[in-house]
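If you're wondering where the values come from, they're calculated on a predicted model, not measured in any experiment. Residue indices begin at 1 and follow the sequence shown.
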Amino acid sequence: GMPSKSTYSGNDREKPDMVITEEYTYTDFDSIGNWTSRQVKRSYSYTRTDYTSGRSLGKVNKTETFTDTRTITYYE
């Protein structure tokens with residue numbers, strides 16, 4: 001089946017502790033059964049840092065929800 005969740009644990013130079021989690025709810029499918037629309041709940045978590053001093057500025061937790069759509073073209 002299709003994934004209901006994905007997680008990215010960062011190793012980004014600016015946000016090395018970043019974690020992004022996406023949860024999916026599939027809402028529309030094409031005639032073959034592939035998803036064409038899904039609701040995405042994306043959550044971010046990371047530590048803000050003052051790069052001049054290297055001092056932590058606190059934790060950031062943010063969540064956003066949006067609709068992800070795609071069009072698939074099939075060739076015979």
Side-chain angles (χ1 to χ4, degrees):
M2 292 175 281
S4 60
K5 186 176 182 177
S6 70
T7 301
Y8 165 80
S9 295
N11 194 2
D12 186 286
R13 185 174 62 87
E14 294 180 8
K15 298 177 183 123
D17 66 338
M18 177 178 272
V19 175
I20 302 172
T21 302
E22 292 185 345
E23 296 178 38
Y24 310 114
T25 302
Y26 298 92
T27 54
D28 284 312
F29 302 87
D30 65 13
S31 61
I32 296 179
N34 292 309
W35 70 268
T36 56
S37 179
R38 66 183 179 181
Q39 289 296 118
V40 180
K41 179 181 174 185
R42 181 180 292 159
S43 301
Y44 301 86
S45 174
Y46 59 91
T47 302
R48 289 181 50 219
T49 304
D50 179 329
Y51 296 107
T52 305
S53 68
R55 189 172 56 89
S56 172
L57 300 175
K59 203 74 163 147
V60 173
N61 293 300
K62 183 171 111 176
T63 299
E64 62 186 16
T65 302
F66 59 92
T67 300
D68 190 11
T69 60
R70 68 180 182 175
T71 301
I72 302 171
T73 303
Y74 300 99
Y75 297 95
E76 293 186 30

Scanning both residues in full, the closest heavy-atom pair of P3 with Y26 reads O-OH, 2.7 Å
Between the CG atom in L57 and the OG1 atom in T49, the distance rounded to the nearest 0.5 Å is 6.5 Å
Count I, L, V, M, F, W, Y as connected when their side-chain heavy atoms are under 4.5 Å apart, and connections chain through other members. Are V60 and V19 then in the same cluster?
no
Across all chains, not counting sequence neighbours, the side-chain contact (heavy atoms from CB on, under 4.5 Å) partners of S37 are T27, D28, T67, T69
Cluster overlap F29 with V40, hydrophobic side-chain contacts below 4.5 Å = yes
query = Is it true that the side chains of T36 and D30 contain a donor and an acceptor less than 3.5 Å apart?
reply = no
Salt bridge (charged side-chain N to carboxylate O under 4.0 Å, His left out) pairs touching residues 61-76, sequence neighbours excluded, are R38-D68, R42-E64
Do other residues, nucleotides or ligands put more than 12 heavy atoms under 6.0 Å from K5 NZ?
no
Separation between CD1 (I20) and OH (Y44), nearest 0.5 Å, reads 5.5 Å
All heavy atoms of W35 vs all of I72, minimum pair found to be O-CD1, 4.2 Å
Value for CD (Q39) from CZ (F66), rounded to nearest 0.5 Å, stands at 9.5 Å
